[in-house]
Amino acid sequence: MEKKFETMLLHSGKGKKEKKPIKSKITPIYQTSAFTFDNLDELEGYYQGEGNYLYSRTGNPNPDELGQAVAAIEGAPAGVATSSGLSAILAGVLALVKSGDHIIAADDLYGGSFHLLKEELNQLGIETTFVAFSNLSKVEESIKQNTKLLYTESITNPLLRVENLEAVIVLAKKHNLHTLVDNTFATPFHCKPYLLGVDLVIHSATKYIGGHSDVTAGVVVGREDLVGIARAKVVNLGANVSPFEAWLTCRGLKTLALRMKAQSFNARKLAEAFLENPNIAKVYYPFHEIESGYGAMVSIELSKNVDIHKFFKSLSWIKIVPTLAGVETTVSHPLTTSHRALPPEASEALGITKEVVRISVGIEHVDDIIHTFDEAIHRSILK
Ligand SMILES: Cc1ncc(COP(=O)(O)O)c(C=O)c1O
């Protein structure tokens with residue numbers, strides 16, 4: 001019987017077997033929630049490890065490509081992509097600790113990570129002590145019987161402190177602890193924590209890995225067995241990334257080296273220009289400390305004689321954006337955005353004051369970037 005109109009709408013044009021496999025240059029977007037099977041034997045074969053894909057939450061070629069690509073450039077054997085940087089942290093942490101365990105985390109973590117540990121994981125019986133990792137003897141003193149994990153960032157947000165990862169790893173090994181490092185700011189272009197001995201590395205791929213401010217995604221890479229546990233958390237907690245977001249992130253990843261080179265070059269020039277500006281009280285930039293030179297973020301503390309509201313209004317084409325790492329230069333105000341979750345005493349103690357401005361340096365011409373900041377500061381000086 002010929003198919004009726006309604007049935008044709010759903011089932012036409014499919015099912016014709018191609019003479020040869022289609023070899024597209026770029027991995028197609030597998031925008032499907034599930035995969036089909038020709039018969040029950042093939043379906044059973046999936047469960048016996050013969051087939052690749054069943055259901056997109058449990059596995060899809062685009063997220064798999066992203067996880068594997070980031071693992072490769074970090075020098076790690078395995079990786080799993082996630083729906084965001086925060087879910088990568090959740091999956092990574094839950095791969096390493098369980099209820100009743102204790103974590104020691106750097107006290108200058110990204111505000112969202114701080115909240116996840118302090119509030120959400122605490123409610124699940126996972127306790128965290130926040131310590132200044134610049135003083136590792138304090139970290140060592142904080143180790144308890146049930147401590148399982150040391151957690152820090154390779155370059156911290158927003159004050160760009162470069163972590164001494166080698167020393168953190170030595171301490172962790174001495175006490176038989178796991179290590180988890182958020183490598184979002186440095187990226188594997190500047191630093192490869194897994195190769196230094198870190199167990200799990202996470203990324204907010206929303207940032208430099210994607211690089212174009214058009215996706216929210218994350219990645220956990222590291223030891224195969226531990227990534228296997230993280231993958232199970234991603235599947236079981238539903239923290240998978242969509243095929244399209246993963247595809248876009250893979251596309252962005254291809255230019256990571258080009259972007260990081262250009263953005264880091266501009267950032268260093270901008271930071272040098274800021275050092276000469278009498279209306280800037282402090283310049284936060286790792287001039288000498290990163291493996292391959294420097295990063296692409298710069299933070300400044302404006303002097304008290306600069307009207308901070310006027311400054312943010314005077315930045316012309318440089319937009320105020322509560323994220324970072326796109327190809328356009330943007331600014332953010334950490335105290336009222338990324339680090340809002342920190343109690344006022346904690347931000348005060350860390351130096352995240354209302355005068356601190358975080359700058360994500362883009363790929364525009366550096367002269368235009370420097371000029372626009374100079375002008376904005378000049379226009380905002382209190383009379
Ligand atoms: C260092 C760092 N880690 C993790 C995250 C969380 O990433 P996402 O927003 O993709 O969940 C952020 C977000 O700004 C971040 O800056």
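Excluded from the calculations below are hydrogen atoms, water molecules and symmetry mates; all remaining heavy atoms, backbone and side chain alike, are included. Just follow the structure's listing: the first ligand is 1, and inside any ligand the first atom is 1.
- Using modelled atom types, one finds a donor on one side chain and an acceptor on the other under 3.5 Å when comparing Thr147 with His102.
- Results of the ring-ring contact (aromatic ring centres under 6.0 Å, His included) test with Tyr53 over Phe35, Tyr46, Phe37 single out Phe35 as the only residue that passes.
- Between Glu153 and Arg161 no salt bridge is recorded (no basic side-chain N to carboxylate O distance below 4.0 Å).
- No option in Leu159, Thr353, Val306 other than Thr353 meets the side chain to side chain contact (heavy atoms under 4.5 Å, CB included) test with Glu301.
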With the criterion set at N/O pairs under 3.5 Å, what does the list of contacts between the protein and ligand 1 look like, atom names and distances included?
from     : atom 1 : to     : atom 2 : distance (Å)
ligand 1 : 3 (N)  : Asp182 : OD2    : 2.6
ligand 1 : 7 (O)  : Ser204 : OG     : 3.0
ligand 1 : 10 (O) : Gly85  : N      : 2.9
ligand 1 : 10 (O) : Ser204 : OG     : 2.8
ligand 1 : 10 (O) : Thr206 : OG1    : 2.6
ligand 1 : 11 (O) : Gly85  : N      : 3.0
ligand 1 : 11 (O) : Leu86  : N      : 2.8
ligand 1 : 14 (O) : Lys207 : NZ     : 2.7
ligand 1 : 16 (O) : Asn157 : ND2    : 3.0

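- A salt bridge does not link Glu355 to Lys282: none of the charged side-chain nitrogens sits closer than 4.0 Å to a carboxylate oxygen.
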In sequence, state the C-alpha distance, the side-chain angles, and the governing distance for Ile209 and Thr249, and then conclude on side chain to side chain contact (heavy atoms under 4.5 Å, CB included). CA-CA 7 Å; Ile209 298 290; Thr249 313; 3.9 Å; yes
